[in-house]
A.B. asks: 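So that we are looking at the same thing, I have put the structure below in structure tokens.
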Amino acid sequence: MENNEQRLDLTKFSQRIDDLRSQISEVIVGQGQVVDLLLTAIIADGHVLLEGVPGVAKTLMARLIARLVDSKFNRIQFTPDLMPSDVLGTTVFNMQTSQFDFHPGPVFSDIVLVDEINRAPAKTQAALFEVMAERQVSIDGTTYHMGDLYTIIATQNPVEQEGTYRLPEAQLDRFMMKITMGYPTLDEEVDILQRHQENATLTKLEGIKPIITREQLLELRKMLRQVLVDDTLLRYIASIVQQTRVSRAVLLGASPRASVAILQASKAFALLQGRDFVTPDDIKAVTPSVLEHRVMISAEAEMQGYTVSKVTQNLIDKIEVPK
């Protein structure tokens, strides 16, 4: 009976999910997989790292997603001279009351876009450590809690670009997923040009109306608990993560946090497909994005021409899929 009720609930949200996808496709051409993974991470209550070369619409994608959810939104442009107080906020002495008042920084919101996170030095990147892991900020002995919806979407250009600072592994691990936005296909690029030819203000988002409310998104997150996962699939997830720790091609394997992230993400991905149970295909769809930024490959594998992406996919393919 519970499952029937849940399926009825899913039907109620399926239309909103379709509306979200439809609205995104009106602004951004292609990138269907990226859209699904981004929505998956947000429903699974995880932070997202969007990576891609300049000009593939990373920032536009993040702003659009935030616009479609009826919630508070802030954008922080990371630069080499950005200080931690510029992100978290600062305490200022109030002459009238003779007390210190806290002025919250842009990190205080529901959805925060951290643009070009690898442009800021380590101390400013570290300012996000606590808020990403604990959903709270501690300043001058006082702790300030974030809302239930709190999500960080960060963008970064590939680390080979000049003037960037590599994110430390401890911070990368706090992102549930790293999603890579690639170049469009030839047909998609023609479509982009045609759209810009017809409408020069295409990338302005002022007219975009929210499709899902804050409460509805939080309700979707609660439904994750009711998504069914067979014990054989739990072992399947654990086996994939275990493989990253024993493979000779891997220098640093994934932690148990990665296993939990795969579980949560695969549940959210199943919900996006309108199902209340997880299949092996759901796990295979989300696992590369959960593992890619957590795994460091060995110098030997790198010299043989392997990339983290290829090694990760090989590890997934090694594990027998449950029937």
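Side chains are part of it too, since the values below use all heavy atoms of this structure and drop only hydrogens, waters and symmetry mates.
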A.B. asks: side-chain contact (heavy atoms from CB on, under 4.5 Å) between Leu220 and Met223: does it pass, once the steps are laid out?
C.D. replies: CA-CA 5 Å; Leu220 255 181; Met223 289 167 69; 4.2 Å; yes
A.B. asks: Could you check whether any side-chain heavy atom of Pro210 comes within less than 4.5 Å of a side-chain heavy atom of Leu68, counting everything from C-beta outward?
C.D. replies: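 Of all side-chain heavy-atom pairs linking Leu68 with Pro210, none is under 4.5 Å.
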A.B. asks: If you measure from CG on Leu60 to CD1 on Ile65, what distance do you get to the nearest 0.5 Å?
C.D. replies: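 Result: 10.5 Å between the selected atoms.
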A.B. asks: State the CG-CD1 distance between Leu272 and Ile43, to the nearest 0.5 angstrom.
C.D. replies: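 It is 4.0 Å, given to the nearest 0.5 Å.
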A.B. asks: So, Asp81 and Thr79: side-chain donor and acceptor under 3.5 Å apart, yes or no?
C.D. replies: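 Short answer, yes.
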A.B. asks: I would like to know whether Gln226 and Asp276 meet side-chain contact (heavy atoms from CB on, under 4.5 Å); could you show each step before the answer?
C.D. replies: CA-CA 7 Å; Gln226 295 170 277; Asp276 63 351; over 6 Å; no
A.B. asks: Taking the side chain as every heavy atom from C-beta outward, state whether Leu128 and Ile117 have any pair of such atoms under 4.5 Å apart.
C.D. replies: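 Leu128 reaches Ile117 side chain to side chain.
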A.B. asks: Do Ser255 and Asp173 have side chains that approach each other closer than 4.5 Å (heavy atoms only, starting at C-beta)?
C.D. replies: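 Side chain of Ser255 against side chain of Asp173, heavy atoms only: contact under 4.5 Å found.
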A.B. asks: For the pair Asp45 and Met176, evaluate side-chain contact (heavy atoms from CB on, under 4.5 Å) and give the outcome as yes or no after the intermediate values.
C.D. replies: CA-CA 9 Å; Asp45 195 13; Met176 174 177 268; over 6 Å; no
A.B. asks: Decide if atom CD of Glu300 counts as having more than 12 heavy atoms of other residues, nucleotides or ligands within a radius under 6.0 Å.
C.D. replies: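 No, CD of Glu300 has 12 or fewer neighbouring heavy atoms, counting only those of other groups under 6.0 Å.
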A.B. asks: For the NZ atom of Lys72 and the OG atom of Ser109, what is their distance to the nearest 0.5 Å?
C.D. replies: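 Here the interatomic distance stands at 6.0 Å.
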A.B. asks: Closest heavy-atom contact between Arg294 and Ala258?
C.D. replies: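 Reported closest heavy-atom pair: CD-CB, 3.6 Å.
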A.B. asks: Checking side chain to side chain contact (heavy atoms under 4.5 Å, CB included) against Ile240, which of Leu315, Thr312, Leu291, Asp317 comes through?
C.D. replies: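 That would be Leu291.
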A.B. asks: Should the heavy atoms of other residues, nucleotides or ligands under 6.0 Å from OH of Tyr306 be counted, would the total exceed 12?
C.D. replies: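 Atom OH in Tyr306 is not packed in, count stays at 12 or less.
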A.B. asks: Restricting to non-hydrogen atoms, name the atom on Ser259 and the atom on Ile237 that form the minimum distance, rounded to 0.1 Å.
C.D. replies: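 Here Ser259 and Ile237 meet closest at O-CG2, 3.7 Å.
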A.B. asks: Linking I/L/V/M/F/W/Y whenever their side-chain heavy atoms sit closer than 4.5 Å, directly or via other members, would Phe269 and Val260 fall into one cluster?
C.D. replies: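 Different clusters: Phe269 never reaches Val260 through Ile, Leu, Val, Met, Phe, Trp or Tyr contacts under 4.5 Å.
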A.B. asks: Looking at every non-hydrogen atom in both residues, tell me the closest pair between Ile152 and Met132 and how far apart they are.
C.D. replies: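 Smallest heavy-atom distance, with atoms named: CD1-CG, 3.6 Å.
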A.B. asks: Considering non-hydrogen atoms only, spot the tightest contact between Ser71 and Ala66 and give its length.
C.D. replies: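 So the two residues come closest at OG-O, 4.5 Å.
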A.B. asks: Any link between Val69 and Phe73 through a network of hydrophobic side chains (Ile, Leu, Val, Met, Phe, Trp, Tyr) touching at under 4.5 Å?
C.D. replies: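 Linked within one cluster.
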A.B. asks: Between Gln313 and Pro288, is any pair of side-chain heavy atoms under 4.5 Å apart?
C.D. replies: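 SC-SC contact between Gln313 and Pro288 confirmed.
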A.B. asks: Looking at Phe129, is Arg174 sitting on its ring face, NZ or CZ under 6.0 Å from the six-membered ring centre and within 45 degrees of the normal?
C.D. replies: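 Yes; both conditions hold, so Arg174 lies above the ring face of Phe129.
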A.B. asks: If you measure from CD1 on Ile211 to CZ on Arg67, what distance do you get to the nearest 0.5 Å?
C.D. replies: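 So the CD1 of Ile211 and the CZ of Arg67 are separated by 12.5 Å.
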A.B. asks: Any sub-3.5 Å donor-acceptor pair from Ser247's side-chain atoms to Thr244's backbone N or O?
C.D. replies: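 Between the backbone of Thr244 and the side chain of Ser247 there is no qualifying donor-acceptor contact (under 3.5 Å).
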A.B. asks: Using a 3.5 Å distance criterion without hydrogens, assess whether the side chain of Arg245 forms a donor-acceptor pair with backbone atoms of Ala254.
C.D. replies: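 Yes: the side chain of Arg245 pairs with the backbone of Ala254.
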A.B. asks: Quick one: does Glu215's side chain get under 4.5 Å of Asp70's, heavy atoms only?
C.D. replies: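 No. Closest side-chain heavy atoms not under 4.5 Å.
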A.B. asks: Verify, without hydrogens or angle tests, whether Arg135 (side chain) and Leu149 (backbone) share a donor-acceptor contact under 3.5 angstrom.
C.D. replies: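 Judged by distance alone, no pair lies under 3.5 Å.
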A.B. asks: Side-chain contact test, heavy atoms from C-beta onward, threshold under 4.5 Å: evaluate it for Leu233 versus Asp282 and give yes or no.
C.D. replies: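 They are not in side-chain contact.
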A.B. asks: Mind checking whether Leu218 and Ile153 sit in one hydrophobic cluster, side chains of I, L, V, M, F, W, Y counted as touching below 4.5 Å?
C.D. replies: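 Leu218 and Ile153: one cluster.
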A.B. asks: State whether the number of non-hydrogen atoms from other residues, nucleotides or ligands found under 6.0 Å of Glu320 atom CD is greater than 12.
C.D. replies: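 No, because the 6.0 Å sphere around CD of Glu320 holds 12 heavy atoms or fewer from other groups.
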A.B. asks: Determine whether the side chains of Thr279 and Asp281 contain a donor N or O and an acceptor N or O closer than 3.5 Å.
C.D. replies: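 No, no side-chain donor-acceptor pair sits under 3.5 Å.
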A.B. asks: Working to the nearest 0.5 angstrom, can you tell me the gap between Phe277 CZ and Asp230 CG?
C.D. replies: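 One gets 11.5 Å once the value is rounded to the nearest 0.5 Å.
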A.B. asks: Do Phe108 and Asn74 come within less than 4.5 Å of each other through their side chains, counting heavy atoms only?
C.D. replies: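 No, side chains not in contact.
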A.B. asks: Quick one: are Val87 and Phe78 in side-chain contact, heavy atoms under 4.5 Å?
C.D. replies: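 The answer is yes; the side chains approach within 4.5 Å.
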A.B. asks: Could you give the distance from CG (Leu172) to CD (Gln125), rounded to the nearest 0.5 Å?
C.D. replies: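 Answer for the CG-CD pair, Leu172 versus Gln125, is 9.0 Å.
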A.B. asks: Are the side chain of Lys58 and the backbone N or O of Gly52 linked by a donor-acceptor pair below 3.5 Å?
C.D. replies: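 Here the side-chain-to-backbone pair exists.
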A.B. asks: Considering residues, nucleotides and ligands other than Gln33, do more than 12 of their heavy atoms fall under 6.0 Å from its CD?
C.D. replies: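 No, the 6.0 Å shell around CD holds no more than 12 heavy atoms from other groups.
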A.B. asks: Is it true that a side-chain atom of His103 and a backbone atom of Val92 form a donor plus acceptor pair closer than 3.5 Å?
C.D. replies: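 Not at all, since once roles are kept as given, no pair shorter than 3.5 Å links the two residues.
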A.B. asks: Indicate the atoms forming the closest heavy-atom contact of Ser266 with Ile283, along with that distance.
C.D. replies: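 Closest approach of Ser266 to Ile283: CB-CG1, 3.9 Å.
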A.B. asks: Hey, quick one: are Val308 and Leu252 part of the same hydrophobic cluster, counting side-chain heavy atoms closer than 4.5 Å, chains of contacts allowed?
C.D. replies: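 Val308 does not cluster with Leu252.
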A.B. asks: Restricting to non-hydrogen atoms, name the atom on Val48 and the atom on Ala41 that form the minimum distance, rounded to 0.1 Å.
C.D. replies: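 So the minimum-distance heavy-atom pair works out to CG2-CB, 3.3 Å.
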A.B. asks: Quick one: does any side-chain atom of Asn157 pair with a main-chain N or O of Glu116 as donor and acceptor, under 3.5 Å?
C.D. replies: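 Absent.
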A.B. asks: For Gln243 and Ile319, indicate whether the former's side chain and the latter's backbone hold a donor-acceptor pair under 3.5 Å.
C.D. replies: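 Checked: no pair found.
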A.B. asks: Please walk me through it: do Glu51 and His293 pass side-chain contact (heavy atoms from CB on, under 4.5 Å)?
C.D. replies: CA-CA 11 Å; Glu51 185 178 271; His293 58 297; over 6 Å; no
A.B. asks: Val290 and Val321: same hydrophobic cluster, using ILVMFWY side-chain contacts below 4.5 Å?
C.D. replies: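 Linked, Val290 and Val321 end up in one cluster.
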A.B. asks: So, Asp148 and Arg221, do they make that salt bridge, N to O below 4.0 Å?
C.D. replies: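 Looking at Arg221 together with Asp148, the answer is no, because their closest N to O distance does not fall below 4.0 Å.
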